[in-house]
Amino acid sequence: MNIYLIGFMGAGKSTIAELLCDRLHMELVEMDERIVKEQGMPITGIFEKYGEDHFREIESALVRTIAEEGNTVVSCGGGVVIRPENTQEMKRSGKIVYLTAKPETIFERVRYSKDRPILNGNMNVEYIAQLMEKRRALYEAAADITVATDGRTKKEICDEIAEKIKEAPIC
Ligand code: S3P
């Protein structure tokens, strides 16, 4: 079984995934990092050269691969839930943890980031809030567990996930 961390850019997926995999003695996959490594170019480069659809194809192919690996904590890209087949694969192969944060918190965490093409030229709270609202139903429908991250330590967040994962029904 895998644990998939989903949520908006800057929700803390990568940071929490690193901590959680140590704690639960699982492997770690950071999806964007793996895509960058396999494609030999940064995410922004893939978007610029080949477009978002191509990036989403690569992302879906990676979800299918990871689903076969098992015992892995996966830090997903923020847009992974856009494609229903990704959510289906994740549900089939593990538990999905949705990390939430307020748009203001997200903004503070990502405001100086240059490697998030979706936010290039749109780095403001209003845009983040709008896009988050557009995706909210997808995140919520995918989630087995939801954990808020605003104003909390990494340890508190990990503790809550570890506790809730134990209780989450096994499909
Ligand atoms: C995206 C989120 C990014 C990355 C890509 C697209 C999105 O990942 O996959 O830039 O559509 O929300 P992070 O959530 O790790 O920033």
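One-based numbering, in listed order, for ligands and for the atoms of each.
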Next on the checklist: Assess the residue pair Tyr139 and Thr100 against the criterion (side chain to side chain donor-acceptor pair (under 3.5 Å)); give the C-alpha distance rounded to whole Å, side-chain angles, the decisive distance to 0.1 Å, and a yes or no.
Outcome noted: CA-CA 9 Å; Tyr139 289 130; Thr100 68; over 6 Å; no
Item to check | Residue of the set Gln88, Glu57, Glu59, Glu89 for which side-chain hydrogen bond (donor to acceptor under 3.5 Å, both in side chains) holds with Arg83 | outcome: Glu57
Show every donor-acceptor pair shorter than 3.5 Å between a side-chain atom in residues 119-130 and any protein atom, with sequence neighbours excluded, or say none if there are none.
residue, atom, partner, partner atom, Å
Asn124, OD1, Glu126, N, 3.3
Asn124, OD1, Tyr127, N, 2.8

Checklist entry - Under 4.0 Å from ligand 1, counting heavy atoms only, is it the side chain of Arg135, its backbone, both or neither? => result side chain
Checklist entry - What atoms of ligand 1 come closer than 4.0 angstrom to any heavy atom of Gly77? => result 8 (O), 9 (O), 14 (O)
Next on the checklist: Give me the nearest non-hydrogen protein atom to atom 10 (O) of ligand 1 as residue plus atom name, then the distance to 0.1 Å.
Outcome noted: Pro117 CD, 3.5 Å
Next on the checklist: Taking a cutoff of less than 4.0 Å between a non-hydrogen atom of the residue and any ligand atom, is Met31 in contact with ligand 1?
Outcome noted: no
Checklist entry - Please state which protein non-hydrogen atom is closest to atom 15 (O) of ligand 1 and give its distance, to 0.1 Å? => result Asp32 OD2, 3.4 Å
Checklist entry - Quick one: which of Met9, Arg56, Glu30, Arg116 has a heavy atom closest to atom 11 (O) of ligand 1? => result Arg56
Item to check | Heavy-atom closest contact (Asn71 atom, His25 atom, distance) | outcome: ND2-O, 3.7 Å
Checklist entry - Counting both backbone and side chain atoms, is some N or O of Ile43 under 3.5 Å from an N or O of ligand 1? => result no
Next on the checklist: Testing the basics here: between Gly77 and Asp32, what is the closest heavy-atom pair and its distance to 0.1 Å?
Outcome noted: CA-OD1, 4.2 Å
Checklist entry - Mind checking whether Asp115 has an N or O less than 3.5 Å away from an N or O of ligand 1? => result no
Item to check | Of all pairs that satisfy salt bridge (charged side-chain N to carboxylate O under 4.0 Å, His left out), the ones with a partner from residues 149-158, not counting sequence neighbours | outcome: Arg152-Glu160, Lys155-Asp159
Checklist outcome for this item: For atom 7 (C) of ligand 1, the closest protein heavy atom turns out to be Gly79 N, 3.3 Å
Checklist entry - What's the shortest distance from atom 14 (O) of ligand 1 to any protein heavy atom, and which residue and atom give it? => result Lys13 NZ, 2.7 Å
Next on the checklist: I want to check something: taking the side chain as every heavy atom from C-beta on, are Pro103 and Phe8 in contact at a cut-off of under 4.5 Å?
Outcome noted: no
